[in-house]
Amino acid sequence: MDFFNFSIYKILSKDQSILDQARIRLLYYGFLLVFVALGALFLSVYLQGLPLLSATSGILMVCVAGLFKYLTYKPQWLQISHILLALGTLVNLSTVFVVMQDVNIIVIQIIILVVVFSFYMLGVNWGMFYSLLNLLPVLLFLVMVYDHNYYISFKPERVDEATIIIGVFANFILIIFIQSHFYTAFLKNIKELKDTSEEQAALNIKFEKAIEKAEKSSQVQSEFLSTMSHEIRTPLNAVIGMTNLLMMNSPRQDQGENLEILKFSANNLLAIVNDVLDFNKIESGKIVFEKIKFNLVDLLHNICGGQMIKAEEKGLLFKLDIDSALRRKVIFGDPTRLTQIIFNLTSNAIKFTAVGSVAVRVTCIEDRHNTITVNFSVKDTGIGIKKENLESIFEPFTQESITTTRQYGGTGLGLAIVKRLLELQGLQMHVHSVVNEGSEFSFNMEFPVSTEAVTAPAQKQQIAAEAAAAEADALSSLRVLIAEDNPVNVMLMKKLFSKWKIVPTIAENGERAVEIMQYGNFDIILMDLQMPVMNGFDATIEIRKMPDPAKANIPIIALTASALFDIKDQVTSAGMNDYVAKPFKPDDLMEKIQNLVGAKTV
Ligand code: ADP
């Protein structure tokens with residue numbers, strides 16, 4: 001039954017473009033039109049007893065019927081157009097040279113049909129080809145006739161005037177049909193393009209608004225995080241600081257144990273706050289990797305020293321195996337970020353291992369004179385990770401299962417941070433894990449190598465000891481001004497400095513600090529950033545404008561509870577020399593103070 005289904009809707013579909021649909025329609029209705037015209041011609045010439053024309057029109061009718069059937073079976077308009085144009089060319093050739101042996105209006109109509117049809121259906125190149133192909137026989141015939149060279153024994157069949165008039169008329173109808181059909185399709189196409197571009201423009205506006213909104217909300221989010229971090233870090237600073245101070249005052253054993261727990265929990269909370277902040281910083285692309293000189297072996301010892309104690313407390317064996325080829329190398333890189341990666345991996349390894357060992361292996365896998373490639377591997381004999389979770393554990397806030405959260409705690413941010421830190425440097429993390437047997441996390445990192453040799457440990461110790469002694473002497477006479485509004489922090493600072501036999505001067509806000517600086521002489525200022533009346537940035541700007549160069553150039557260290565984003569840039573551009581993020585370790589603060597005043601006093 002389907003064989004006799006000639007409906008055009010069977011072959012039109014929404015996937016076709018407007019022009020392709022027009023091409024299929026043109027073929028479909030064109031075939032019907034031509035079939036009727038050929039039928040009339042066939043009847044007319046048959047009745048006039050013209051055998052050649054009857055045969056030609058008959059054959060053409062069959063061809064048209066066949067192609068029509070093919071079109072309704074499969075809308076292969078490209079193939080069908082080529083076949084039709086080839087047929088048209090043959091008809092043209094035989095009309096000029098055999099059937100009519102003349103270039104008359106019918107021939108010109110056939111050529112126009114071929115030209116119009118070929119360009120519309122097949123485009124410029126094929127249009128040119130078929131047009132020229134059909135002009136050639138006409139030209140050739142005209143030249144031959146002109147030279148009296150043309151002769152064949154066959155006499156052209158003469159059709160009556162009525163047939164010629166109807167034929168000419170039918171051809172014109174066909175030309176008009178093709179033109180009107182395509183003109184409509186082009187118009188429709190242009191309108192659609194216009195509509196699409198208007199829709200596109202409307203969509204673009206929507207997108208821009210959405211992006212603006214997203215950017216705003218991400219800004220609000222980071223501002224919120226910054227504020228929260230400040231709010232959380234300030235009391236945490238007091239808790240950790242006070243705990244440190246209490247522990248320095250030789251407490252009773254039971255008090256000492258309680259203080260240890262207090263310190264551990266506060267540090268844990270701090271680690272979580274830091275993780276959230278860090279992840280936020282990485283996600284917003286505000287992270288810049290440093291390229292500073294360091295010794296990989298020293299760094300690894302520093303990281304693993306603390307981890308080793310943690311592992312041993314759990315009864316685990318902690319192995320650190322460093323390739324001897326790395327011992328004497330000074331390399332360039334970002335030690336802070338590398339520490340963060342190794343620290344996270346080893347912390348996880350210790351956390352998720354109940355019995356057995358944690359092994360950190362660092363191997364130099366390639367040494368090309370001025371660059372080395374190092375493989376870092378952290379392997380444990382812990383609970384392992386299921387194969388299907390090997391990817392998801394790197395997603396932020398994702399842990400392997402609910403049981404993990406309940407049993408081990410954590411935020412699920414550690415590995416997300418590690419992965420992003422590696423990815424930002426174009427590196428990849430590899431994980432191999434078997435449930436109940438253990439896991440191995442590894443990655444390769446490239447470092448440029450410095451030509452400088454490593455100082456021998458003994459020599460280093462002596463230098464450090466000499467410097468420490470000299471600095472300790474110089475420190476007690478240090479004149480410190482602290483601008484800080486929070487009374488708990490003020491108390492904490494006073495107690496802290498008393499350990500170094502320093503009595504700092506306190507200014508309760510930025511304005512007071514500027515006033516005190518006008519009549520007092522100091523060696524260094526510790527400047528809180530968020531203060532009432534005048535903040536730390538403005539106070540620094542005022543101090544840097546003072547006429548006395550000794551005052552204007554005084555070293556200033558910013559104290560900030562928000563370790564977010566471009567704080568370093570902000571601090572530097574306000575004219576401060578350095579910053580410490582609260583809560584800080586006393587030694588870190590002292591190191592920074594010594595760095596800044598050391599050159600002056602020691
Ligand atoms: P957290 O340690 O805070 O849970 P991470 O992002 O560091 O977050 O780790 C995500 C999850 O990956 C962990 O909760 C744990 O399920 C799994 N995981 C990470 N390291 C190990 C390991 N060494 N052994 C087993 N599971 C691990």
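All ligand and atom numbering here is 1-based and tracks the order in the structure.
A donor and an acceptor atom, one from each side chain of Ser377 and Glu440, are located under 3.5 Å apart.
For ligand 1, the 4.0 Å heavy-atom shell takes in Asn348, Ala349, Lys351, Phe352, Asp380, Ile383, Gly384, Ile385, Ile393, Thr398, Gln399, Glu400, Thr404, Gly410, Thr411, Gly412, Leu413, Gly414, Leu415, Ser439, Phe441, ordered by chain and residue number.
Looking at Asn535, its side chain never comes within 3.5 Å of a backbone N or O of Leu529 through a donor-acceptor pair. Under the 3.5 Å distance criterion, the side-chain polar atoms of Lys314 are matched with a main-chain donor or acceptor of Ile350.
Both tests do not hold together for Lys419 against Phe443: distance to the six-membered ring centre under 6.0 Å, angle to the ring axis within 45°.
Pairs passing the ring-ring contact (aromatic ring centres under 6.0 Å, His included) check and including a residue from residues 335-357, sequence neighbours excluded, read Phe352-Tyr408.
The distance from atom CD1 of Ile331 to atom CG of Asn370, rounded to the nearest 0.5 Å, is 13.5 Å.
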